[in-house]
Structure formats: structure tokens, C-alpha cells
Amino acid sequence: MGYEVTTPVFAGPFELLLHLMLSDELDIHEVSLSRIIEAYLAEVQKMESLDLDVATEFLLIAATLIELKTRRLLPSRDDTDIDEEFALWEERDLLLARLLDCKTFKDVAGVMGTLIERADLSFPRMAGPEERFASLMPDLLEGVTPFRLQRAILKVTAPKQHITVDMMHVTPIRASVADALIELIEFLPTAGRISFSEISKGITERVEVIVRFLALLELFKQGRVELIQGDRFGDVGVLWTGGSDRSFDAILNIDDYEG
Amino acid sequence: MDNEQPDHDLTADVVRALEAILLVAMEPVSSTLLAQLLEQSVATVETLCEKLAGAYEDAGHGFQLCKVAGGHRLQSHPDVAAYVERFILDGQHIRVSSAALETLAIIAYKQPMSRGQVAAIRGVDPDAVMRTLQARGYITEISRDDGPGQAVLFGTTPLFLERLGINSLQDLPPIADFVPDASVVEALELGLRVSTIESPTLSE
Amino acid sequence: MDNEQPDHDLTADVVRALEAILLVAMEPVSSTLLAQLLEQSVATVETLCEKLAGAYEDAGHGFQLCKVAGGHRLQSHPDVAAYVERFILDGQHIRVSSAALETLAIIAYKQPMSRGQVAAIRGVDPDAVMRTLQARGYITEISRDDGPGQAVLFGTTPLFLERLGINSLQDLPPIADFVPDASVVEALELGLRVSTIESPTLSE
């Protein structure tokens, strides 16, 4: 099926590192961190079309490895910062634990794959009751009108990009005030007076609502919107006062909010 | 030894394959198709089916092998129909799901459609849903694709029209000239932007 | 006499009804529902199903009675899979990628799991994979985390059990069986030593 997500050979940094370290295990006393780091970085370099998020994950692990390596090369000094030392140990233990987790679930996945292969050799009986029982079957289409059918097909055949653009900010839950600003600047000037609840209508992720609110505050600070609250805890009214200025150069240094 | 067991081991394998095919079949299977699948003559298949039907009856199974219009099929034995009725009335708790409705809509408007074509539109495997719709008699296999793989093509049935209360597919509300589409309406309702804004990686 | 034939005529009728119900069922039927329909105890139903499954196997039928996803169902025998696959053509099972399998493994053993928790173990954002698994019906949202953000928590579905051909999550081998053995732990541990002091034999 076309919708299967294609993943690189190594679906994650732990998987890659695990592979490199365990294929190096011929003589475990000869395990060379240098070689592992080299091979690791070489693999990462091969991943041309890696998106930024994935690349970051791979590079974070690489950084830890290099730190370990550096620490080994440095002569042991008395003035080593004990906190730094502990932090590195902690990081190493975490990495080790994650590698063991990764190995465990890789093996589990293997067994599950075998189970699926075996199960796939059998096909279930699905024909259902014969037509002589048809009158007893609850009518699936009760209450379904031709109009509902029309709406259903319009929903599935509609171009997806409009909605998915919004959804991408919803999951994974990473919302940016910058995106919310762009959105608001695009839409507020022609919206007239609008309430905050209308702006955030239909948004289910709390963090999405929050970034919109922060974006509004930012616009308020910049003097481009007027905020009106009739009574305490009441809905906030929003009115664009920024004229036709739709620039958003001031927003570059606004943080992301992780959910 | 079971009296359904045929004479030779070779035949035994063929009978097992025959039973398996009949079990998974959603519709009666013709002797010709069975002959082709089992690499036997049509006459042999007919004989095997008759023998098997007799053996099931003799063994007192709760199912039977019947010859109906279009071919052979397994069905529940009329003797125990009361239990089957009870099962249908008791055990099923079915409401049309949105997945089923969408799949049915796609097939109704765009028939004939293969499973793969429906999957391409819905973005998910419609297999289970289509089996349900087929079992309910709302859709049926109407032909096979000429292309490689000869995918089964599905269409709606007269029962579907009847349940929907329309006389023909022409009575379905048109979809071609319907503007704006559902997602645009939804987006407008949200009061949010409708068009795709190229959002630069400002937040990175 | 068929060796599937039970002792008493009363039981024979119950078995026939059981077979008929399983034949018309479209998903695994639980022992509880069967017990209710057949007016027998759950224990009796379980025993009857086991006996029937054994009898089918002994008689060398092309189908089998299996306990899957918390219920009983009839399915084609794996021995004749080649014939059935030829017949099904476009109903072939869709492959599950290794990335999907590993994500499924994590969720199966540690459910309920949020996307973030899966990401922490996988080291990559599992969003796309989890959406696919959800669309296929192998995982579903089962609750929300109480914590801030109220992350959606996912668990596996009966369809997942069906796909694996197992009756319940208890049928999965215990996770302890998979804990990497000492040599693996040692190899990883050595590779990730913080300093060379502790193991002078390391060649750098």
C-alpha cells in the first residue's frame, strides 16, 4: 500500500548505534568507540533526506558519543568538575538503558513478526449469515439518506491540505507562537471584531489555544490589535487596528511551546 | 477415519484446499473457478463437491455445502436455524460507522471500484469494512479488472438503492458541481485561514 | 460414526448449533455469548470448542477452529494457504513494516502509552508510524493522561490480536524472555565506558 511510511534502514539513532556496537562484538574487549563513532557519523551522512527533527535525534546521540570519547582521551585530572563527571555518567547510563530497551523491543518485534507470518497463512470466515436471515439483520443503512452519502464522499474526496496544515501543529504537540501570529495576521485584518473563543473554536489541544492567546498578546503589545473584555472571565473581543501592515519581522525571536 | 476422507492422499489435499476456499469465499464459487484453482477438471470438482456435501450431511455437521445459483457455498444447516437467528438478533450490535458510510459513498458514486482504488481514496485499508458491506448485501462483486492481478470490482446492489429509498444511482445528489467542498466549509466555520500559508521555518 | 460426533444427541445438537453460529459469524465469538445462545455453561462451551477444534484437525479438514482475540472463529487451514491465496488475489494481507512492528511491540507490552513515551524508547518521533497503525486498527486511543497536556494514551485492539493470531495479550511471551543477555550488556557497557581507566585493555 502506498501509505506505508518509508523509513530509513535505521529507524532511529538507538537502532543504528545498537547495530554498529553489536556487529563489532566479535571480541568485545576490542570494542572501539572511535570506530563506532566514525561508522555512526558515516551512516548519518548517508541519510540525505532526513528531516530536521530526526537529524537532531541522531546528532544528539552522536554528541554524547563524542563526549564519551573526548573524556577518555583526556588525561585524568584532579580538578575535573565532579558535577560534569556525574552528568556524563548519567547520560551514559541513560544511553545504555535506551540501547538495551531498543534491543529488547527489536527482539520482541521479531517474534511478533513471526506470529503474524504464521497467522497470515489462515483466512477467517467472513461471509456472514445467508440471505434467508436478511430480514433479521439490523438495517445498517437505517437513517442514512442520499444526502448523507453525498456528504460522506465530499468529505473523503476533499483536498486534504487545508485542514492538515492546521493539524500538523496539533500533533505532535508542538505549537509555535510564530505560526499562530502568521495565522492571525493573515486573517484578523478582514475579520472585523471577533472573539477569542471564535478564534480558537474547534481547537482541542490546549497548547494550541495557549499559543493563539500568546500571539494575541504579542500583537496587542505591538499595538496592532485592541483587546476588549466586557467582564471578568468573559470572552475577549479582538479588533485589528494594525491597518494593512502584515509584516511579521518582530516575531523571529519568539519561543516555541512544547506541550 | 472420518467418512469425509477421500480415497487418495492426492485427493485429500485437493479436498482440503476445496474446503478452505469455500470457507473463505464471500459468494458462491463456480465449478469453473474451483477447477482452475485446484487444477482439476470441472467434472472432478463437481464430484468432489457432491461427495463432500454428502459427507457433511452424514456426519451431522451444523453447516452444509450447497449448490446455489452461481456455484458452491457453505451455509448454516436449516435444522439449527433457530440458533443462528438468536445469534443474529442477540449478538450483533451494529450501527453504520463513518468508515462504512464513506466506503459505501465512494463505491456508490464511483463504481465499479476495486479494493485498492477505495484504499487510495480513503487512505486506509477498507478490507474489513467492505466485507461487512458485502455481507450485508449493499455492495457486490460485479466484475474483474482486465489489468494484471485482475482485481475484483465492486458496485452497489438493488438492496442498497431500496434501503436508501431511491430508484437508481442517478437519484443520488450530484457531487461534481458542488462547491465549496466540505473541508473548506469546515475551515470557514473554524474562522481560521482557508488557504495554505507557506509557513517558513520561523519557529526552528 | 464421525469422530466429531459427541456422546449424546443433546450434545450433538449443541455442537451443530455451535458450528452453524461460527459459520455465520463475521468476527470471533466469545465463549460467554456462545454459552448464552446455546444455553450451556461457559466451561461446557470451552470444552466443546476445544474438542471440535481437535476433531477438525484429526479429520484433516481444510479449515480449523481457533481461539483468537478473545473468541472462537473458523478459518482456513495454514497447510492449504497457497490455494487460498490464489483465490483471494487482492485480499492479501498487508505487510507490517519493521518500524511499525517495533512500535507495536512497545505499545503491546507497555500500554497505555503516549506518543511521547513511545518516542523516548524509539529515539524517533513515532507519529507517522502510529497514525498508520491507528488507521489500520491495530492501536487505538484508550484514555488521556492526567498530567498537564493530557496526552492521548494508546493501547492495542482486538484486531491486533487477530492479526497476530493470538487470543489475548497474555499469549505474548513474557518480556523477561527478551532482556538482552549478559554478553550483549557487556559489549554495550564496554563500548560506552566513560573513561579508559577502568578497562586498560581497550584499544583506542
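The backbone N or O of F63(C) lies less than 3.5 Å from no partner atom in the side chain of H61(C), so there is not a single donor-acceptor pair. With hydrogens and angles ignored, the 3.5 Å screen pairs no side-chain donor or acceptor of S31(C) with any backbone N or O of E46(C).
S168(C) and L161(C) get closest at one heavy-atom pair: C-CD2, 3.8 Å. Residues V108(A) and A105(C) approach most closely at CG1-CB, 3.6 Å, considering heavy atoms. Of all non-hydrogen atoms in R122(C) and P13(A), the two that sit nearest each other are O-CD, 4.5 Å.
With a threshold of 4.5 angstrom between heavy atoms, A20(C) does not approach chain A through any atom at all. Residue contact with chain A, scored on non-hydrogen atoms closer than 4.5 Å, involves the side chain of I166(C) exclusively. With a 4.5 angstrom heavy-atom cutoff, I61(A) does not touch chain C via any of its atoms. For a residue to count as touching a neighbouring chain, one of its non-hydrogen atoms must lie under 4.5 Å from one of that chain's; by this rule P173(C) touches chain A with the side chain only. Only the side chain of V111(A) has a heavy atom closer than 4.5 Å to any heavy atom of chain C.
Note on L172(C), L101(C), D177(C): by heavy-atom pairs under 4.5 Å with chain A, the leading option is L101(C). Among D79(C), I21(C), I121(C), L164(C), the residue making the largest number of heavy-atom pairs under 4.5 Å with chain A is L164(C).
Ion pairing between K106(A) and E102(C) holds under the 4.0 Å rule for side-chain N and carboxylate O.
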